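Note that the structure is predicted; figures quoted are calculated from it, not measured. No hydrogens, no waters, no symmetry mates; every other heavy atom, side chains included, goes into these values.
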Number of protein chains: 2
Amino acid sequence: MDYVMGAVNAGAMADLENPGGALSDDQIDLGVLPDLLGYNLRSAQLALQRSLSKAIPGGDPGSGIFGLLVLCAGNPGISQIQVARHLTIDKASVVALVDRGEESGWLQRRRAPDDRRRHGLFITPEGNAHLAQMKLRMRNCEHSFDALFAPEERQQLLTLLQRIRP
Amino acid sequence: MDYVMGAVNAGAMADLENPGGALSDDQIDLGVLPDLLGYNLRSAQLALQRSLSKAIPGGDPGSGIFGLLVLCAGNPGISQIQVARHLTIDKASVVALVDRGEESGWLQRRRAPDDRRRHGLFITPEGNAHLAQMKLRMRNCEHSFDALFAPEERQQLLTLLQRIRP
DNA sequence: TATTGTTATACTCTATAACTATA
DNA sequence: TATAGTTATAGAGTATAACAATA
């Protein structure tokens with residue numbers, strides 16, 4: 001119950017204390033937010049994402065073209081529905097992604113001979129070259145965040161995050 | 001260099017081994033993805049977000065109406081630009097959020113008497129009631145993820161995530 | 001019937017740029 | 001000049017639903 005009523009009471013109290021003046025920026029009360037997994041996940045991801053998208057056009061790992069190319073490079077002939085499953089997005093969302101990759105010349109759809117419903121995805125030499133470049137930039141960018149963690153801390157962060165995955 | 005070439009070589013090898021047949025779902029090679037902070041952050045957040053948005057309409061903590069109401073409850077008279085700073089989004093993105101909150105009757109804009117450029121934001125009794133309900137649902141939903149962590153693990157996860165914040 | 005891919009559509013979140021009113 | 005808020009616009013990213021081709 002404390003959890004639920006806390007901010008409400010704080011609000012009522014602050015209301016009496018602050019009938020209209022400006023609030024200084026460092027006295028802002030974040031309430032329950034800092035204790036929520038969702039809030040902290042989102043803040044962290046936004047920070048990393050902004051840094052990545054400055055360093056790498058389309059460089060959000062796991063969404064966007066980067067994750068797709070990694071999967072095609074490691075699993076030639078992977079189907080779109082498998083991409084969807086492993087990037088945890090809908091198969092319909094994969095279509096536009098693959099379209100982009102194909103238009104850019106980084107991958108190809110090839111109708112699978114053994115099951116003509118399936119499109120096998122194959123990375124091209126241009127795709128591999130592009131991916132290698134993206135990986136370099138990605139590594140450099142992630143490296144700038146490594147300073148925040150001791151090596152075993154970084155690993156534990158990854159381990160804990162992976163438990164949340166479906 | 002291993003880092004960069006790893007998946008490329010794996011790709012070339014797999015290409016020889018797999019000239020067109022289906023790949024089984026559990027032999028998919030995720031390449032460098034599992035070692036990337038960005039990929040793991042995104043997967044974890046997607047998983048949590050999907051769970052939350054089933055339990056709570058508009059319930060992504062920190063984005064959306066929830067974070068806004070928490071800030072208004074704890075800091076009556078907070079300005080929109082302060083909301084933007086603490087939710088780490090642009091001031092332009094705050095406008096639509098506050099519009100929604102005002103239309104729903106959960107908060108009010110009040111022109112600040114000491115600086116007529118500023119809109120102070122104030123939560124309404126209806127907003128407080130709604131927020132209390134959202135917090136209950138949020139707690140229940142986050143609680144279902146707590147099973148994944150020992151108490152000190154959860155705390156360390158939060159601590160590590162907070163280091164990434166700008 | 002079930003699966004793979006596709007199209008069409010819409011919604012949320014965020015950003016940028018240009019504007020206003022106030023300071 | 002600078003700041004707070006607004007408007008207009010655009011771009012990701014994702015989802016759902018309905019559909020075609022194939023199994």
Identify the pairs formed between an N or O of the protein and an N or O of nucleotides 21-23 of chain D at a distance under 3.5 Å, and give each distance.
unit_1 : atom_1 : unit_2   : atom_2 : d
D:dA23 : OP1    : A:Arg116 : N      : 2.9

| Pairs touching residues 66-84 of chain A that satisfy salt bridge (Lys or Arg N to Asp or Glu O under 4.0 Å), sequence neighbours left out | none
| query | Can you check the A:Gln49 CD to C:dT12 C1' distance for me, whole Å? | reply | 14 Å
| query | Across the strands shown, which category fits B:Ser79 at heavy-atom distances under 4.0 angstrom: base, sugar-phosphate, nothing? | reply | sugar-phosphate
| With sequence neighbours left out, what residues match A:Arg109 under salt bridge (Lys or Arg N to Asp or Glu O under 4.0 Å)? | A:Asp99, A:Glu102
| said: Tell me which pairs pass salt bridge (Lys or Arg N to Asp or Glu O under 4.0 Å) where either residue lies in residues 77-93 of chain A, with sequence neighbours left out. | reply: A:Arg85-B:Asp25
| message | I need the A:Leu87 CG to B:Leu33 CG distance, nearest 0.5 Å. | response | 7.5 Å
| query | How would you list all residue pairs meeting salt bridge (Lys or Arg N to Asp or Glu O under 4.0 Å) that involve residues 119-128 of chain B, not counting sequence neighbours? | reply | none
| task | Check whether any side-chain nitrogen or oxygen of A:Arg100 sits under 4.0 Å from OP1 or OP2 of D:dG13, and answer yes or no. | result | yes
| request: Ignoring backbone atoms, establish whether B:Arg109 has a side-chain N or O less than 4.0 Å from OP1 or OP2 of D:dT6. | output: yes
| What is the distance, rounded to the nearest whole Å, between atom CD of A:Gln45 and atom C1' of D:dT14? | 13 Å
| task | Could you check how far CZ of B:Phe66 sits from P of C:dT12, rounded to whole Å? | result | 19 Å
Using residues 159-166 of chain A as the side-chain source, report each donor-acceptor pair under 3.5 Å to any protein atom, sequence neighbours left out, with the distance given to one decimal.
unit_1   : atom_1 : unit_2   : atom_2 : d
A:Thr159 : OG1    : A:Gln155 : O      : 2.9
A:Thr159 : OG1    : A:Gln155 : NE2    : 3.4
A:Gln162 : NE2    : B:Pro34  : O      : 3.1
A:Gln162 : NE2    : B:Asn40  : OD1    : 3.0
A:Arg163 : NH1    : B:Leu148 : O      : 2.9
A:Arg163 : NH1    : B:Glu153 : OE1    : 2.8
A:Arg163 : NH2    : B:Glu153 : OE2    : 3.1
A:Arg165 : NH1    : B:Tyr39  : OH     : 2.7
A:Arg165 : NH2    : A:His86  : O      : 3.1
A:Arg165 : NH2    : B:Tyr39  : OH     : 3.3

| note | Testing C:dA18, C:dT14, D:dT7 for proximity to the side chain of B:Lys91, the answer is C:dA18
| query | Counting any heavy atom closer than 4.0 Å, what does A:Ala96 reach on the DNA or RNA strands: base, sugar-phosphate only, or nothing? | reply | nothing
| said: Within the 4.0 Å heavy-atom criterion, would you say A:Leu97 contacts the bases, only the backbone, or no part of the nucleic acid? | reply: nothing
| task | Mind calculating the distance between CG (B:Asp90) and P (D:dA8) to the nearest angstrom? | result | 17 Å
| query | If each of A:Val98 and A:Leu46 is mapped to the nucleotide of DNA chain C with the nearest heavy atom, which maps nearer the 5' terminus, i.e. the 5' end? | reply | A:Val98
| query | So does A:Gln80 get a side-chain nitrogen or oxygen closer than 4.0 Å to the phosphate oxygens (OP1/OP2) of C:dT6? | reply | yes
| task | Would you give the length of the straight line joining atom CG of A:Leu52 to atom CZ of A:Phe66, rounded to the nearest 0.5 angstrom? | result | 9.5 Å
| query | Of all the choices, C:dT16, D:dT14, C:dT7, which nucleotide is nearest to the side chain of A:Ala92 once you look at every atom? | reply | C:dT7
| d(CG, A:Asp99; P, D:dG13) in whole Å | 14 Å
| remark: note: A:Ile81, atom CD1; D:dA15, atom P; distance rounded to Å ~ 13 Å
| In whole angstroms, how far is the P atom of D:dG5 from the CD1 atom of B:Ile89? | 13 Å
| Separation of D:dT16 P from B:Arg50 CZ (nearest whole Å) | 9 Å
